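Worksheet for the structure shown next.
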Amino acid sequence: MIKRTGNQSMLGIALEGRRLYACVVRRRGGVLEARPALQASLTLDPLAAAPELAGRELRSLLDRAGIGRRPCMVAVPVSWVFSLSLRLPELTAEDEASYIALQAERGFPHSVEDLNLAVARWREPEGGARATVLAMPRARVEALEAVLRAAGLKPLGISLGLTALLAPGWEPIAVLRLTRQASELLVGCDGAPAIVRSFDCREGSDPLDRDLDRDPEALARELRITLAQLSPGVRLGLRELLLVPEPAMNEELVLDLCEALGPLGLAIRVARPGEQLEIQWNGAPTAGAAAAAAIAAGALEGKPPTLQFLPPRESRWRRLGRRVSARRALWAGGLGLVLAAAGLGALGWQHQRLARLEARWAAIEPRVTRVEQTQEQIRRYRSWYDDTAPNLRIALALTEAFPEEGAVWAQQVSIKRRARPPAPAPGGARRRAPAAAVAPRGLASIECRGRARSSADWLEVLGTLRADATVADLQIMQALGEAPLQFQFSYAWKGEEGR
């Protein structure tokens with residue numbers, strides 16, 4: 001929860017890959033003024049590099065722009081988060097939180113413990129309760145926070161730059177923001193984001209201009225597919241599309257985009273970045289600078305962002321008061337002495353008990369040896385049972401075929417074992433194998449259903465499975481959609497002897 005303070009200025013930072021935008025928002029009287037202070041490309045990836053090195057580079061850029069050590073708000077791109085839309089049943093607040101956590105566990109490629117969730121609840125015009133769940137990997141949040149603190153900044157919040165551009169309580173509207181890296185879409189309804197999505201529809205061969213090129217037809221197709229996921233009530237109430245391109249984008253390309261988006265049946269309004277914000281600009285902002293200014297202005301006014309990925313921190317005074325207490329320290333010291341004495345007594349009793357047990361073992365060891373030899377003879381001549389855990393081997397082979405970064409994830413895996421018939425003996429009669437012989441392993445039929453971010457990632461998984469010598473009869477049963485792609489395939493497992 002962000003509280004309004006007496007600060008007269010706030011720093012906003014927006015990240016688009018390795019592209020950094022910084023904007024300082026000041027309050028003068030009752031008016032907010034914004035000045036784009038920094039626009040640069042980072043040589044180090046803030047999510048992968050050492051926090052000390054990335055923080056040093058960030059501090060160097062801020063010093064050149066005349067920005068000191070201060071609190072800040074951070075806007076991240078949509079491509080950094082996972083999104084999930086849920087229909088909420090009638091539940092209590094506690095059961096609803098458990099239901100959302102369960103659906104997030106099923107829908108996201110990471111465990112809920114490894115994600116920072118942000119939930120926006122809203123209602124459809126038909127009256128149904130919905131929730132938009134966005135998740136950002138916790139390791140990514142912690143890495144970004146470490147870099148900011150290494151640069152002498154105090155992050156107050158991390159949110160999406162796209163949702164910061166719109167004020168709470170907006171009417172059903174679609175916002176398409178064209179940044180240098182990707183196209184970001186937000187469909188808002190009932191004061192909350194109903195759909196948040198990022199897709200790349202760039203074209204062109206020149207690496208200097210490719211960041212600003214867009215394929216109008218591909219972009220219109222992606223929008224048409226995305227809007228078809230809305231309920232009929234939300235889709236009928238959606239009448240306007242706000243197009244926010246980068247200022248450096250070609251006007252002819254913007255006109256082509258408007259023409260390609262015309263069949264969607266929406267009134268298309270082209271706006272400059274930051275035009276819809278109640279901020280006085282000192283210079284023409286880019287899309288990144290507008291996102292940084294929007295999230296900083298909200299914090300300066302004490303308005304929390306619609307989606308917050310930075311968990312709340314305990315205040316310094318509360319932490320100090322919780323730790324420092326003379327009476328608590330006295331009780332803790334006495335309890336520590338009692339526990340130490342109890343531990344020493346337990347060690348002494350354990351040593352005495354161990355000595356008695358060793359003496360008893362020395363007395364019965366010869367008889368135990370004879371029993372073990374007898375059991376070994378029984379195991380040698382009794383019927384054979386498979387103890388190689390084939391189901392675990394099958395699951396291991398399937399898991400190793402999936403990429404580690406979570407681009408492809410399984411939702412349901414079915415393993416059906418079927419016994420392999422023994423080979424007939426010469427002459428047509430079945431030969432009985434000796435009891436000590438190793439019985440042949442059985443085959444297994446595996447079916448897997450899941451999702452992938454792209455067809456290329458899914459095809460890579462299929463290629464890995466085809467190269468596995470234990471996999472046979474690989475069949476594709478289903479492959480639908482694009483982002484995410486839904487797939488289902490099956491194959492037969494031949495066992496370790498297939499290698």
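Remember, it's a predicted structure, so these values are computed and weren't measured experimentally.
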Does the side chain of [Y] come within less than 4.5 Å of [X]'s, by heavy atoms?
| X | Y | value |
| --- | --- | --- |
| Val133 | Ser83 | no |
| Ile378 | Thr374 | yes |
| Leu459 | Phe487 | no |
| Ser41 | Arg18 | no |
| Ile446 | Lys416 | no |
| Leu465 | Phe489 | yes |
| Leu398 | Tyr491 | yes |
| Glu372 | Glu376 | no |

Heavy-atom donor-acceptor pair, [X] side chain to [Y] backbone, under 3.5 Å:
| X | Y | value |
| --- | --- | --- |
| Lys494 | Ala469 | yes |
| Arg451 | Val408 | no |
| Arg121 | Ala131 | no |
| Glu105 | Val112 | yes |
| Gln39 | Leu20 | no |
| Gln308 | Leu310 | yes |

Between [atom1] on residue [X] and [atom2] on residue [Y], distance to nearest 0.5 Å:
| X | Y | atom1 | atom2 | result |
| --- | --- | --- | --- | --- |
| Ile13 | Leu11 | CD1 | CG | 4.5 Å |
| Leu300 | Met73 | CG | CE | 11.0 Å |
| Ser198 | Leu160 | OG | CG | 10.0 Å |
| Trp409 | Gln411 | CH2 | CD | 7.5 Å |
| Leu62 | Arg64 | CG | CZ | 11.0 Å |
| Leu153 | Leu58 | CG | CG | 6.0 Å |

Crowded around [X] [atom1]? As in, over 12 foreign heavy atoms under 6.0 Å?
| X | atom1 | answer |
| --- | --- | --- |
| Glu405 | CD | yes |
| Gln350 | CD | no |
| Gln488 | CD | yes |
| Trp361 | CH2 | yes |
| Arg360 | CZ | no |
| Glu90 | CD | no |

Polar side chain donor-acceptor pair, [X] to [Y], under 3.5 angstrom:
| X | Y | value |
| --- | --- | --- |
| Glu94 | Thr92 | no |
| Asp457 | Ser454 | yes |
| Ser85 | Arg130 | yes |

So which atom in [X] and which in [Y] form the shortest heavy-atom distance, rounded to 0.1 Å?
| X | Y | answer |
| --- | --- | --- |
| Arg59 | Gly68 | NH2-O, 3.5 Å |
| Pro51 | Ala146 | CB-CB, 3.8 Å |
| Ser490 | Glu447 | CB-CG, 3.7 Å |
| Pro89 | Tyr99 | CD-CE2, 3.6 Å |
| Gly161 | Ala75 | CA-CB, 3.6 Å |
| Arg70 | Val24 | NH1-CG1, 3.8 Å |

| task | Kindly determine whether Leu354 and Trp349 satisfy side chain to side chain contact (heavy atoms under 4.5 Å, CB included), including the steps that lead there. | result | CA-CA 9 Å; Leu354 182 61; Trp349 177 84; over 6 Å; no
ask   = Charged N to carboxylate O below 4.0 Å: is that the case for Glu222 and Arg197?
value =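 So Glu222 pairs with Arg197 through a salt bridge.
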Are Arg56 and Glu52 ion-paired here, with the side-chain N under 4.0 Å from a carboxylate O?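 No, this pair does not count.
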Check: Are Leu61 and Leu42 close enough, and set up right, to give a side chain to side chain contact (heavy atoms under 4.5 Å, CB included), and what steps lead you there?
Finding: CA-CA 9 Å; Leu61 294 174; Leu42 300 174; 3.5 Å; yes
**Asked** Between Arg140 and Trp80, is NZ or CZ placed under 6.0 angstrom from the six-membered ring centre and within 45° of the ring axis?
**Response**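 Ring-cation test returns yes.
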Option passing side chain to side chain contact (heavy atoms under 4.5 Å, CB included) with Val187 (candidates Val175, Ile195, Thr132) =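 That would be Ile195.
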Before giving the answer on side chain to side chain contact (heavy atoms under 4.5 Å, CB included), spell out for Val76 and Val74 the whole-Å C-alpha distance, their side-chain angles and the decisive distance to 0.1 Å. CA-CA 6 Å; Val76 297; Val74 183; 4.2 Å; yes
Intermediate values then yes/no, side chain to side chain contact (heavy atoms under 4.5 Å, CB included), Glu96 and Leu88 | CA-CA 8 Å; Glu96 184 178 283; Leu88 297 178; 3.9 Å; yes
